[in-house]
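Remember, it's 1-based here, ligands and their atoms both numbered in the order they're listed. Reckoned from all heavy atoms, side chains included, excluding hydrogens, waters and symmetry mates.
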Amino acid sequence: MLPDTFSCCAGGKNPVYWWKMFFWKGEFIMKFKDMPYERVDYEKTAKKLQALTEKVRNAATGEELWAVHQEYYQVYKDMADAMTIAHIRHDADTSDEFYMAEQNYYDETEPKLYNLLNGYKKALYESPLRSFMEEKIGRVAFATMDNAIKSMDESVIGLMQEENALTTEYNKLIASARIPFDGQELNLSLMRPYLTDSDRSVRRRAWKAYSDYFLTVSDKLDEIYDKLVKNRTAQAKAMGCDNFVELGYRRMNRNSYGRQDVENFRRQVKEVFVPFAEKVHEIRRKRLGLDKLSYIDNEVYFLNGNPAPFGTPEEILKSGQEMYTELSPETKEFFDFMMENELFDVFGRKTKKQGGYMTYLYNYGSPFIFANFNGTSGDVDVITHECGHAFQGFVSGKDPVIEHADITMETAEIHSMSMEFFTNPWMERFFGDRSGDFLAMQLEDAIRFVPYGTMVDEFQQTVYENPELSPAERRQVWSRLEKEYMPHLDYEGDPFFSKGGFWQKQQHIYNSPFYYIDYVLAQTCAFQYKVWMEKDYKEAWKSYLALCRLSAGKFYQEMLREVGLKVPFEDGYFEEIVAKLSEKLGL
Ligand code: ZN
């Protein structure tokens with residue numbers, strides 16, 4: 001399920017936990033709580049990395065270089081694991097003073113450590129023995145290094161710090177929202193249930209309160225975004241780019257496709273997918289018994305409310321274990337491993353950080369899933385979506401090439417979004433007699449997401465190609481795009497939303513430029529699996545397993561073709577998907 005305030009492994013300011021992931025299946029399997037922790041000493045680690053960088057420069061043979069690289073892997077794994085353990089333990093209990101201090105230490109030290117890692121990579125990239133290493137770790141790894149090197153240098157550090165300060169300001173402002181509603185003061189996420197309440201009059205009041213809040217901060221949000229656009233544009237110029245689109249693509253590590261490819265994808269979304277999505281909204285309109293869908297009906301699927309899972313959080317986890325036991329031997333092994341080693345922290349607690357993500361501990365070969373169960377269908381998404389990410393980490397754990405863990409987000413989200421569909425046959429276990437409703441909602445919601453997500457991407461490209469646009473002009477761009485991508489949408493003249501303000505609540509637009517289209521690309525690949533599994537579940541699963549194992553050893557397009565998937569940038573991409581999904585929905 002993909003709310004537009006998507007939080008899976010991507011909600012925060014630093015969404016890319018994935019870069020810290022490595023799939024080496026270590027020998028030290030143990031429960032998370034027993035894993036020892038020791039702070040990464042900056043001086044010591046810096047010395048090690050500098051020495052390794054020197055060794056790379058002086059290596060006389062390929063074998064020698066490869067041996068140095070093995071040493072680097074160990075330094076990297078130890079460093080990343082310590083940081084990840086501290087991070088998880090801090091999130092698990094934000095009142096714990098020890099890990100709070102550790103977190104503060106890393107907030108300051110991490111950029112410096114990553115700069116040292118970049119120095120090592122640069123030496124490797126420029127090594128005369130590069131072709132030997134290319135044989136060992138692959139061409140993709142070097143394309144990724146190329147992007148990393150061209151993404152930043154010393155000249156933009158000041159601007160990057162300012163960029164960080166601006167996104168922090170945005171996040172703090174959004175997190176501090178206190179919306180008066182029904183005698184309570186609610187933050188944005190606590191407003192969510194009211195925005196989708198089954199009672200339309202409750203929804204109407206909730207959306208009004210929501211809009212009133214945004215009107216009070218809208219100028220401030222414009223100001224922050226304006227500064228961000230100008231800052232990022234200045235960074236792009238300093239790095240020799242015309243505008244931020246190019247630099248943004250490098251920072252997303254787009255190593256095998258460019259903006260023309262994405263433009264072609266967006267064109268197809270507009271021409272083929274939008275008319276289809278509009279028909280699917282019609283199904284929902286009729287089901288809700290409305291003459292016209294309004295913005296207050298967004299993400300509302302049933303008159304008696306959206307389906308929620310039954311059972312305690314413990315029971316949901318247990319049902320998950322039964323489901324993965326039946327699905328395949330590989331998923332059984334994975335889930336048992338997660339349970340035995342206590343690698344889930346999913347039950348809500350007072351001092352626990354909000355949100356959810358999946359991360360990975362290299363030396364232990366252990367994925368870790370962090371979430372906050374809250375009694376909605378989101379709990380099941382943790383078991384399907386986040387477990388899709390974790391399963392991929394687990395099965396590709398035998399890959400000794402650390403760079404293969406640098407999977408890009410449009411690939412990573414295929415693993416998770418497709419697992420949401422592969423687990424469909426077991427949904428009765430979670431939703432009982434409303435499992436049919438859940439499946440309908442899941443599919444319709446995924447379809448609803450595609451135009452919205454694509455629009456977020458076009459908005460950003462327009463903004464960064466025209467950095468001189470005023471805040472008012474940016475709103476006009478958003479309003480125009482809403483008409484193209486979601487023509488049914490009716491804001492009923494709401495003073496905030498009808499004036500092109502909705503994007504201000506989409507945190508990725510502020511925090512992670514150009515990230516959003518990755519979800520959309522992945523969603524459409526998950527649709528390919530959805531169509532495939534209904535024809536032949538076994539074959540589709542075989543392909544999915546192969547995809548998970550491929551990791552980042554191949555470029556995106558090559559990898560998709562190898563497992564029998566179509567590439568989203570090609571003409572005619574949506575025809576089969578739309579035809580088959582239409583058939584399924586009786587359109
Ligand atoms: Zn995800």
Side-chain angles (χ1 to χ4, degrees), residues 1-21 23 84 87-88 91 189 252-253 320 324 331 334-335 338 343-346 353-360 367-374 376-396 405-424 442-443 445-446 448-450 452-454 456-457 506-508 511-512 514-530 544 547-548 550-552 556 559-560 568:
M1 182 102 193
L2 280 160
D4 44 45
T5 46
F6 200 15
S7 68
C8 123
C9 48
K13 183 175 161 184
N14 187 6
V16 194
Y17 288 101
W18 285 95
W19 306 124
K20 300 183 187 173
M21 241 176 63
F23 308 132
T84 304
H87 192 97
I88 295 171
D91 289 351
S189 73
M252 285 303 298
N253 188 23
Y324 283 119
T331 48
F334 153 71
F335 208 91
M338 296 291 287
L343 299 166
F344 284 106
D345 182 352
V346 295
K353 195 179 167 184
Q354 287 300 300
Y357 54 82
M358 172 267 169
T359 186
Y360 197 83
F368 189 92
I369 290 180
F370 183 92
N372 284 273
F373 278 8
N374 63 3
T376 68
S377 62
D379 298 355
V380 177
D381 299 337
V382 172
I383 299 294
T384 59
H385 183 106
E386 296 303 336
C387 280
H389 286 307
F391 176 66
Q392 191 269 339
F394 185 76
V395 296
S396 56
D406 288 342
I407 48 176
T408 35
M409 298 313 296
E410 84 291 283
T411 304
E413 294 299 335
I414 305 177
H415 308 136
S416 54
M417 289 171 155
S418 304
M419 189 65 105
E420 293 181 43
F421 290 138
F422 276 112
T423 50
N424 276 179
Q442 183 193 53
L443 183 59
D445 191 62
R448 177 190 71 82
F449 176 72
V450 169
Y452 174 75
T454 311
V456 168
D457 188 67
Q506 184 61 59
Q507 50 182 313
H508 297 72
N511 294 329
S512 317
F514 296 111
Y515 188 113
Y516 221 61
I517 197 72
D518 291 48
Y519 289 126
V520 185
L521 294 168
Q523 183 64 69
T524 66
C525 289
F527 285 145
Q528 294 189 60
Y529 275 129
K530 173 86 184 148
Y544 175 79
L547 180 78
C548 286
L550 271 175
S551 202
Y556 177 62
M559 184 164 54
L560 293 185

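E386 lies apart from the Zn ion (ligand 1) in this respect, since none of its N, O or S atoms is found at a distance under 2.8 Å.
The N, O or S atom of H385 lying closest to the Zn ion (ligand 1) is NE2.
In this structure, F335 has its ring center no closer than 6.0 Å to that of F394.
To the nearest 10 degrees, the angle centred on the Zn ion (ligand 1) between OE1 in E413 and NE2 in H389 reads 100°.
To the nearest 0.5 Å, atoms CD (Q392) and CG (L550) are separated by 9.5 Å.
Scored by the side-chain contact (heavy atoms from CB on, under 4.5 Å) test, D345 finds A92, R349, K352, F368, F370 as partners (sequence neighbours excluded). Legend: residues meeting salt bridge (Lys or Arg N to Asp or Glu O under 4.0 Å) with D518, ordered by chain and number and at least two apart, are R254.
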